[in-house]
Protein chains: 2
Amino acid sequence: MRPNPESYTVRQVAGFAKISVRALHFYDEIGLLRPAYTGANGYRYYGSEELRRLQDILFYREFGFALDEIRRLLDSPGFDRPATLRSHRRQLKAQAGRIEQLIQTIDQTIMSEEKKTAMNPKKMYAGVSPKKQAEYEKYLTDRYGECATKGIAESKQKTRGWGPADFAREKAGNDELNREFACLLEAGVPPEDPAVQALAARHHKMVCRFWTPTPKAYAAMGDLYGEHPDFRTYYEGFHPKLVPYLAKAIRLYAERELKA
Amino acid sequence: MRPNPESYTVRQVAGFAKISVRALHFYDEIGLLRPAYTGANGYRYYGSEELRRLQDILFYREFGFALDEIRRLLDSPGFDRPATLRSHRRQLKAQAGRIEQLIQTIDQTIMSEEKKTAMNPKKMYAGVSPKKQAEYEKYLTDRYGECATKGIAESKQKTRGWGPADFAREKAGNDELNREFACLLEAGVPPEDPAVQALAARHHKMVCRFWTPTPKAYAAMGDLYGEHPDFRTYYEGFHPKLVPYLAKAIRLYAERELKA
DNA sequence: CTACGCCCTCACGTTACGTGAGGGTCAACC
DNA sequence: GGTTGACCCTCACGTAACGTGAGGGCGTAG
């Protein structure tokens, strides 16, 4: 029951503009974007003029304008848009500057934190405190049972003679590996690509320096990285979507290269 | 009645850390920073350990960490801080990139908007629509009475023969002037400095090309720039604190150079 | 005729506090 | 001993921009 043919329902408009229906309700409520008319059933119907206005709204919203300001901008036709934009530009510049500052400070903090743990190796496995180490071992045993117990034992034996430098080398190598994975992910290279699979091979060799997983166990390792919050945080530090990417690359590698 | 001498009340702590008392209440409420102990009267008392913790809290807050995350960070001793920081660094980088992007887009928009108004001069006074012009005239007459009426009349007569190019020239000159003011303000040069007063002289000459204010009227012009939202927006586009700075420079100039 | 999808209006939850209201406490001064 | 003024407390509502149900009407396809 659409009195006017050139009109769209909330869901349609939301689909066009990729915003939520609730946002449209809200924009109506605050008088930012009213529907062209409302049906007798209370339904909101929007016309092409409203769609154009919505475009403008989203444009300004992108820049972080408050909805209140946007309404004033759009509702006063003679408003000095350039001046307003310049004013906002200044704020954005200041924000960008502040963020750059923060990034520098954070870099320094990261460096000094890493130096601290490097200088204070105690009994750390590559920066993992004995307490955390124990927690991880418990987690793995609970999660994977005997298979994990054997893996941990093997790992402890293999690294028995290692010094802090050895652990640090492995950690650095793994960091580098993850950076490369993240780089390819960012570039849009799919997990089945030979370049990614080559990285997976390096990953597999790295794992084998600690223990020798069965093909099935290895295939599931990528999922492990997403399950424990500490692991996930570590991997997401390289790229927010690294975990599923890595998991797929690892699973593919296991299926193609290990089961054969 | 302070059981422990090395303890501080909310107000004291708030003073040290330059946060509000309410923030301390809130941090207590969410379990982020509990006082060392509470007196029988319900007063919160903080010790040096709490002060150190507060330092850490504010450090992470600076980077935009949520208070919830900060609590987790500080409460789990073995937490992988470097990884968390790197993860956050990524987010900051992404944010910085997005802002740079926005600034570029905004620059383009400003340019195209200004070109549009330049190409479509109609009856605009330097980009001011007749409608807005009327609004400003009413505002001035309401605010300053007859004095403003005469000024407006004089201004209209003086600019009678002007074309769009003349208005554009004046606008550009004024923009440049304001940029220089903003530059000196940013550099910390006080309004009484000869460099700023020289700019004020240029400002006065510019005003005189439109109308001839009495010394008192001229002295008050800076305040006008802060009173009307449109004017303020224009001036704050150059620098958020330009209005009071300009006002002071103008007042000083009027007192020193015009009343004599 | 009923199932399913879309629509509506409340109304509360979110973050990190700001801003009072209403009332007790502390130290000092008279 | 009373009073003043600065401080403290606990509610409790307001902010921005919606998200997320709850509970119920509307429309049409099988």
Side-chain angles (χ1 to χ4, degrees), chain A residues 1-5 7-46 50 53-54 56-74 88 91 95, chain B residues 1-5 7-46 50 53-54 56-74 88 91 95:
Chain A
M1 211 246 268
R2 199 162 306 176
N4 189 321
S7 60
Y8 311 94
T9 69
V10 273
R11 171 145 290 247
Q12 290 174 313
V13 175
F16 297 156
K18 290 182 186 172
I19 61 173
S20 68
V21 172
R22 175 68 174 108
L24 287 172
H25 285 176
F26 185 65
Y27 293 167
D28 184 6
E29 188 184 326
I30 65 172
L32 176 59
L33 180 71
R34 304 242 188 245
Y37 55 92
T38 29
N41 47 17
Y43 285 21
R44 295 169 177 81
Y45 294 108
Y46 297 85
E50 284 72 34
R53 187 179 167 93
L54 182 53
D56 286 353
I57 291 171
L58 297 179
F59 174 79
Y60 288 111
R61 199 187 59 164
E62 265 287 302
F63 297 115
F65 279 90
L67 298 186
D68 207 41
E69 293 177 291
I70 297 177
R71 192 182 37 197
R72 278 202 296 274
L73 265 171
L74 296 180
H88 209 74
Q91 291 177 34
Q95 220 183 104
Chain B
M1 213 245 272
R2 202 161 305 176
N4 189 319
S7 60
Y8 311 95
T9 69
V10 272
R11 171 146 288 249
Q12 289 174 312
V13 174
F16 297 155
K18 289 182 184 171
I19 62 173
S20 68
V21 172
R22 175 70 174 108
L24 287 172
H25 285 174
F26 184 66
Y27 293 167
D28 183 6
E29 187 183 329
I30 64 172
L32 176 58
L33 180 70
R34 303 245 188 242
Y37 55 91
T38 30
N41 47 18
Y43 284 22
R44 294 170 178 83
Y45 294 109
Y46 298 85
E50 284 72 33
R53 187 179 166 94
L54 181 53
D56 285 352
I57 291 171
L58 296 179
F59 173 78
Y60 287 112
R61 198 188 61 164
E62 264 288 301
F63 297 115
F65 279 89
L67 298 186
D68 208 42
E69 293 176 292
I70 297 178
R71 192 181 38 197
R72 278 203 295 276
L73 264 171
L74 297 181
H88 209 74
Q91 291 178 33
Q95 219 182 105

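Reminder, nothing fancy here: chain letters follow the sequence lines and each chain counts from 1. Everything numeric in this text was worked out from a predicted model, so none of it was measured.
Minimum interatomic distance between B/R34 and B/E50 (heavy atoms only, all atoms of both residues): O-CG, 3.4 Å.
At a cut-off of 3.5 angstrom, counting only N and O atoms as typed in the model, there is no donor on one side facing an acceptor on the other between the side-chain of A/Y43 and the base of D/dG27.
We find the CZ-CG distance between B/R71 and B/L33 to be 12.0 Å, quoted to the nearest 0.5 Å. The distance from the CZ atom of B/F16 to the CZ atom of B/R11 is 12.5 Å, given to the nearest 0.5 Å.
Between B/N41 and C/dC26 there is a side-chain N or O to OP1 or OP2 distance below 4.0 Å. At the phosphate of C/dG18, OP1 or OP2 sits under 4.0 Å from a side-chain N or O atom of B/S20. A sub-4.0 Å separation between OP1 or OP2 of D/dC8 and a side-chain N or O of B/R11 is present. Under 4.0 angstrom from either OP1 or OP2 of C/dC7 there lies at least one side-chain N or O belonging to A/T9.
Of the residues in residues 22-36 of chain B, those with a non-hydrogen atom less than 4.0 angstrom from any atom of DNA chain D are B/R22, B/H25. Remark: nothing in residues 59-71 of chain A comes within less than 4.0 Å of DNA chain C through any heavy atom.
When the ring-ring contact (aromatic ring centres under 6.0 Å, His included) test is applied to B/F65, the partners found at least two apart in sequence or on another chain are B/Y60, B/H88.
Distance A/Y45 OH to C/dC8 C1': 11 Å, rounded to the nearest Å. Atom CG of A/L54 is separated from atom P of D/dC18 by 11 Å (rounded to the nearest Å).
Without hydrogens or angle criteria, A/R44 side chain to A/L24 main chain gives no donor-acceptor distance under 3.5 Å. Although no hydrogens or angles enter the test, the distance criterion places no donor-acceptor pair under 3.5 Å between the side chain of B/E62 and the main chain of B/F59.
Between B/R53 and B/D56 there is no salt bridge, since none of the side-chain N atoms of the basic residue sits less than 4.0 Å from a carboxylate O of the acidic one.
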Go through A/Y46 and A/Y8 one step at a time and tell me if the ring-ring contact (aromatic ring centres under 6.0 Å, His included) criterion holds. CA-CA 5 Å; A/Y46 297 85; A/Y8 311 94; 9.0 Å; no
